[in-house]
2 protein chains.
Amino acid sequence: MVNLMHGNLNAQSSQPDKVDIYLHPLFKHCDDNFIKTLGTISRKITCEKGQTLLFRGDKAVFFYLIRSGCVKLYRETIDGTLAVVDILTAGQVFCEISIFEKCHHPYNAEVVEAGEVIMIPVELLQEEIKNNHQFALDVLRLVANHCRQQERELEHRSLQNAAQRIGCFFLRLLNRREGEGGTFHLPYDKMLVASRLGMQPETFSRALAKLKKETGIHIKGSKIKVDNISNIAKYTCSACSSEFPCKDLDFSKGR
Amino acid sequence: MVNLMHGNLNAQSSQPDKVDIYLHPLFKHCDDNFIKTLGTISRKITCEKGQTLLFRGDKAVFFYLIRSGCVKLYRETIDGTLAVVDILTAGQVFCEISIFEKCHHPYNAEVVEAGEVIMIPVELLQEEIKNNHQFALDVLRLVANHCRQQERELEHRSLQNAAQRIGCFFLRLLNRREGEGGTFHLPYDKMLVASRLGMQPETFSRALAKLKKETGIHIKGSKIKVDNISNIAKYTCSACSSEFPCKDLDFSKGR
DNA sequence: CGAGGGTTTGAAGTGCATCAAATAGTGTGG
DNA sequence: CCACACTATTTGATGCACTTCAAACCCTCG
């Protein structure tokens with residue numbers, strides 16, 4: 001079990017096996033009774049790779065929390081072109097807007113790595129939102145946090161080049177103090193990382209090579225070793241309005 | 001006065017002179033007493049072009065509503081490169097996250113067209129959020145709506161080319177039924193539209209010419225005449241996951 | 001009228017996408 | 001344990017969209 005209270009992007013790279021829903025910060029102001037109901041009523045499903053959890057346009061009836069595995073959120077045009085919204089791993093949540101509003105899914109969700117997903121019926125949460133003012137505020141915080149993440153994402157797409165976006169992604173995976181380095185594994189396929197960062201696999205490969213040259217990081221398969229974070233920060237954060245270390249994402253990994 | 005209850009992006013193009021804060025849908029569940037307090041305590045300021053309303057990183061103490069004029073929200077890297085987040089006109093609001101959370105501004109706000117702005121102290125709203133459950137939900141809706149807008153924006157940046165983004169922008173300005181055309185004015189400078197859509201003025205100029213060729217629209221200065229909306233929809237919406245007409249934005253123009 | 005932006009046009013450069021093909025890695029059945 | 005199939009990743013070559021730099025044009029407003 002991973003305590004999401006202290007969860008950060010590191011949890012992604014360490015790939016925890018299971019995640020306890022009770023500990024997601026979204027529920028920190030919910031009482032034991034509600035948590036118990038949550039445990040009873042929510043569905044836990046085991047998903048295979050390739051399985052589609054929900055389709056864009058479908059009515060949202062569940063709020064999702066990933067216990068393990070990996071889920072890709074994406075939009076698709078008529079001609080089949082994909083725009084990946086995000087790729088989520090253990091501990092992350094999605095469809096949070098459905099918690100308070102009747103809505104239709106704004107994206108598709110596909111399992112890209114087998115795992116377990118918890119589905120919480122939205123009525124349950126909508127009820128809680130009415131009774132528990134603190135919970136309403138926590139939902140608000142979750143949504144707002146997602147909003148800020150997207151603002152940052154949008155900025156990165158217009159100001160950072162491919163190599164800088166990868167570097168920034170690595171910095172978030174590392175999440176250490178300035179100077180300190182470390183080793184970590186990519187949370188998923190390079191192809192998926194590429195799509196997550198809005199680039200082609202070929203571009204990712206070349207940009208990663210460039211990042212290596214520029215910052216002196218070591219790469220072996222999916223293992224990345226960083227001796228000095230500042231090198232990456234210097235290289236990537238010059239093309240961003242936030243300074244390293246990024247303080248944007250401190251509430252939770254919720255979506 | 002413009003009734004924001006029924007406001008849509010058309011309001012942008014018709015450039016209303018003044019906007020009544022009471023009618024913003026955010027306040028639809030607030031009682032007269034609160035509205036009166038709002039009128040008393042909020043500041044109305046007249047802004048000159050070029051004036052900076054707030055700086056990124058400053059502590060957020062006001063929620064902003066634009067009565068008239070035009071405000072640019074942007075982020076800036078150390079070397080001075082800008083990333084425009086949005087450009088807002090009469091009836092639109094910003095800094096809504098400050099309504100429920102102590103936060104620092106994630107962007108700068110600069111007046112690009114002189115006008116009047118209303119500043120509402122966040123304490124007032126934070127108080128109301130505690131007392132008025134419906135208001136809390138309306139704030140949630142406002143934030144969620146902003147979130148969806150950004151999701152769409154992000155998709156557009158990765159799937160649509162420059163001409164298609166302009167066409168999509170026009171469709172939102174027109175906001176009519178399929179087939180019906182119309183005439184409208186750009187809500188602000190072409191330079192600003194370009195920055196809003198994440199492209200250079202030169203690119204905008206060339207892409208607009210391309211859009212004209214592809215869809216048969218008529219352009220004279222800032223006046224755009226569209227005979228048949230479907231032509232634009234056919235051209236732009238093919239590179240988007242939503243089909244025309246876009247239903248994404250039905251709550252308000254809030255930000 | 002003339003100064004100063006906004007807008008357009010031209011020419012050249014850059015970054016990423018695309019297409020193609022080679023190479024590495026992984027899982028399968030024999 | 002190996003050979004095969006299949007996928008992921010890398011590398012090369014080329015093309016396209018957008019940017020950048022430069023200059024002309026145009027419009028507005030003092």
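Keep in mind that the numbers below use all heavy atoms, side chains included, and drop hydrogens, waters and symmetry copies. Values in this document were obtained by computation on a predicted structure and should not be read as measured data. All chains are named by letter (A, B, ...) in the order of the sequence lines, taking the proteins before the strands, and each is independently numbered beginning at 1.
- Within the 4.5 Å cutoff, no side-chain heavy atoms of B:P106 are placed close to those of A:R152.
- No more than 12 heavy atoms of other residues, nucleotides or ligands shown are found within 6.0 angstrom of NZ on B:K223.
- To the nearest 0.5 Å, the span separating CD1 on B:I87 from OH on B:Y188 amounts to 5.0 Å.
- When every heavy atom of A:Q160 is checked against every heavy atom of A:A239, the shortest pair comes out as CG-O, 3.4 Å.
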query: Can you give one letter per nucleotide of nucleotides 9-25 of chain D, going 5' to 3': B for a protein heavy atom under 4.0 Å from the base, S for sugar-phosphate only, - for none?
result: SSBBB----SBBBB---

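- For residues 190-209 of chain B, the salt bridge (charged side-chain N to carboxylate O under 4.0 Å, His left out) pairs, not counting sequence neighbours, are B:D86-B:R196, B:E153-B:R196.
- Per the geometry, CG belonging to A:L159 stands 16 Å off C1' belonging to C:dT14, to the nearest Å.
- Rounded to the nearest 0.5 angstrom, B:T236 OG1 and B:R165 CZ are separated by 12.0 Å.
- In this structure, the NE2 atom of A:H156 is 19 Å from the C1' atom of C:dC16, given to the nearest Å.
- Aromatic pair B:F94/B:F63: ring centres not closer than 6.0 Å.
- Atoms OG1 and CD1, from B:T183 and B:I224 in turn, are 9.5 Å apart once rounded to the nearest 0.5 Å.
- Note on the helix from C:dC1-D:dG30 to C:dG30-D:dC1: terminal axis deviation equals 30°, with five pairs used at each end and the result rounded to 10°.
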